[in-house]
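Everything numeric in this text was worked out from a predicted model, so none of it was measured.
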Amino acid sequence: MEKDSILFQPISGEKESLSAVRKAFRVPVAESEDVQVFCKGKQCTVLNISLGGVSIVCDEVFDVECDDVYGGWELRLGDMQLRDLSARVIHVTSMASGRFVCGIQWVDLEETQKEAIDNAVACMKAKVLGNNDRNISPIQDV
């Protein structure tokens, strides 16, 4: 692969091997949340979402090549529907179940689309971080 498939941003002052971090926080999507992606008329289950894209599970692989850009994607986040989005397929991985996991990166989003996705993802992130089922508490001054 000639290009990096994940956007990384260096952290200044750290060793190079530890200096790459993901730019966008991936928010896991619960089954109870109303988040769907459609491509070529097929609905896909969303595993996680960020401003940059989504990870989806599909029952069958699309006729796509990795790193190619395709139009006609639709993203539904609750009542919000974004249609005719363009996306780059970053990876396709087959699962033992016969289903496929695809990494999708949005391409050429309009400002209103970016803002809508960013707001929805921020709300989902706050919900996930506020739902502290692992009994993790903020660091207290000692």
Nearest heavy-atom neighbours spanning [X] and [Y]:
X     : Y     : value
Cys66 : His91 : SG-CA, 3.8 Å
Gly72 : Asp84 : N-OD1, 3.4 Å
Arg26 : Ser50 : CA-CB, 4.3 Å

Check: [Y] and [X] side chains under 4.5 Å, non-hydrogen atoms:
X      : Y      : answer
Phe100 : Asp59  : no
Leu51  : Val121 : no
Val37  : Ile104 : no
Ile117 : Leu82  : yes
Asn48  : Val54  : no
Met124 : Val35  : yes
Cys102 : Ser55  : no

Shared hydrophobic cluster for [X] and [Y] (ILVMFWY, side-chain gaps under 4.5 Å):
X     : Y     : answer
Ile56 : Val92 : yes
Met95 : Leu47 : yes
Tyr70 : Leu85 : yes

Find the distance between [atom1] ([X]) and [atom2] ([Y]) and round it off to the nearest 0.5 Å.
X      : Y      : atom1 : atom2 : value
Arg99  : Cys44  : CZ    : SG    : 9.0 Å
Leu109 : Glu115 : CG    : CD    : 12.5 Å
Trp106 : Gln113 : CH2   : CD    : 9.5 Å
Thr45  : Gln36  : OG1   : CD    : 9.0 Å

Determine whether Phe38 and Arg76 satisfy the following criterion, side-chain contact (heavy atoms from CB on, under 4.5 Å), listing intermediate values before the conclusion.
CA-CA 8 Å; Phe38 294 83; Arg76 294 184 189 170; 3.6 Å; yes
Given the options Val29, Asp34, Ile49, Leu77 meets side-chain contact (heavy atoms from CB on, under 4.5 Å) only with Ile49
Got a salt bridge between Arg88 and Asp68, using NZ or NE/NH1/NH2 to carboxylate O under 4.0 Å?
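Asp68 and Arg88: not salt-bridged.
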